[in-house]
Amino acid sequence: MTRFWHPFADMKAVAGRELVFERGEGAWVWDAEGRRYLDAAGSLWYANVGHGRRELAEAAAAQMAKLEAYSAYDVFATAPALELAERVSLLAPVDDAVVFFTAGGSESVETAAKLVRRYWTAVGRPERHVIVARERAYHGVSGYGTSLGGIPPNRDGFGELAPGIEHVPYDDVGAVAEVFARGDVAAFLGEPVIGAGGVYPPPEGYWPAVARLCREHDVLLVLDEVITGFGRLGAWFGAERYGIEPDLFTVAKGITSGYVPLGAVVVGPRVAEPFWRGDAGMFRHGHTYSGHATACAVALANLDVIEREGLVQRVEELEPVFAAKLRGIRGAREVRTAGLLGGIELDEPERVVVRLRELGVLTRIVGGHSLQVSPPFVIEPADVDYLVERVEQAIGA
Ligand code: PLP
């Protein structure tokens, strides 16, 4: 019997039936019995540079041997945190951005939500307190993240959630305009492409229209780039792909490709200004591991790999191949893709996921009826064929 209470798991079904992974290399992982699987989901959308990179392990070891971590509260800092903030700021699709580190996506969303509310209070307009989010959205499991999420079962049974949050349909610009018109909206917060809600790319023109409304109504635009950040859509950030500039955005996952937990909120000058140059006082918020030296050192090594191997470009080049192959899957109800993100909608997803595991492919169900496809960026076209063949085989089984 296991003592490990798994996240997002029905322990009655899972306990004692665990699938234990032991090692990984590129887009593949092996279980404790030596069986090989294609990691079609990039674990939880994060194994972007692929598994088994020694260089990242060595970066962690070198930093730990020197100084594993030190508090970054108040005046303290470590070199990797300073360097990573600089590097992320340079990559960010926002001029002159500053970077607030966290230990993952949920902490980033929590930080972003608190920051936008605190911002409007700081500039003397606390009536702007509502945060608008989208149905089908996933923003992690913190207090705000749970409240902002638009997947009903993730919100059920927790009693009263955070007040001042409203949801609009994921694809409806008109609904956004209607809520904004009231004048009490602090921010619009959304994923460039909806991920855990089922992989839904935005309708054509959606993001530029929302960004325009944000400007017209003086609403802050917050992108949750936890999945899309650092290359998943064939651009460094989803904001670039959709031609918009957020006021702030969250990242995690791809910043280290999951080798160690790390997240961040990247904040543009408008929101940073009252805290950095104005008289808003301090942002009374932070986590023990904000700016963790080893996590930041691994992130730097991960960015080195992405840049040296041209992995963002690789995603851009793979996108049409990936899209064409996935869209050709016989027996799928619908296939949605953007970059190296895909959702394969099926009639019997539960059965197919289990069968795929037997056939050597790891994925899971998102949005109730779709298979998540978000492989490492190093996936080969032949591996995509392997995936497609096995999905068809599993559907037909
Ligand atoms: N935001 C988005 C868009 C996500 O996809 C996730 C996780 O999948 C999160 C936030 C939460 O991140 P974490 O699980 O690292 O807390």
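Note that ligands are numbered from 1 as they come in the structure, with each ligand's atoms numbered from 1 the same way. All values below were derived from every heavy atom in this structure, side-chain atoms included, with hydrogens, water molecules and symmetry-related copies excluded. Owing to the predicted nature of the structure, the values given are computational and were not obtained by experimental measurement.
Between Arg128 and Asp184 there is no salt bridge, since no side-chain N of the basic residue sits under 4.0 Å from a carboxylate O of the acidic one. A salt bridge is absent between Arg53 and Glu25; no separation between the charged side-chain nitrogens and carboxylate oxygens falls under 4.0 Å. For the pair Asp31 and Arg35, the salt-bridge criterion is met [side-chain N within less than 4.0 Å of a carboxylate O]. Using a 4.0 Å cut-off between charged nitrogen and carboxylate oxygen, Asp385 and Arg390 do not count as a salt-bridge pair.
Residue contact check: Ile227 has heavy atoms under 4.0 Å from atoms 5 (O) of ligand 1. Annotation for ligand 1: atoms under 4.0 Å from non-hydrogen atoms of Gly140 are 9 (C), 10 (C), 11 (C). Proximity to Asp224 (heavy-atom distance under 4.0 Å) selects the following atoms of ligand 1: 1 (N), 2 (C), 3 (C), 10 (C). In summary, the atoms of ligand 1 found under 4.0 Å from a heavy atom of Glu191, numbered by their order in the structure, are 3 (C). Numbered from 1 in the order shown, with element, the atoms of ligand 1 that lie under 4.0 Å from a heavy atom of Tyr138 read 1 (N), 2 (C), 3 (C), 4 (C), 5 (O), 6 (C), 7 (C), 8 (O), 9 (C).
Here the side chains of Leu233 and Val315 are not in contact, with every heavy-atom distance at 4.5 Å or above. At least one side-chain heavy atom of Asp224 sits less than 4.5 Å from a side-chain heavy atom of Val109. Side-chain contact check for Phe21 versus Tyr37: some heavy-atom pair is nearer than 4.5 Å.
Looking at Ser106 next to ligand 1, an N or O pair under 3.5 Å apart turns up.
Put simply, part of Lys253 is less than 4.0 Å from ligand 1, judged by heavy atoms.
At a 4.0 Å heavy-atom cut-off, ligand 1 does not touch Glu107 at all.
In this comparison of Gly197, Ala137, Gly105, the heavy atom closest to atom 13 (P) of ligand 1 sits on Gly105.
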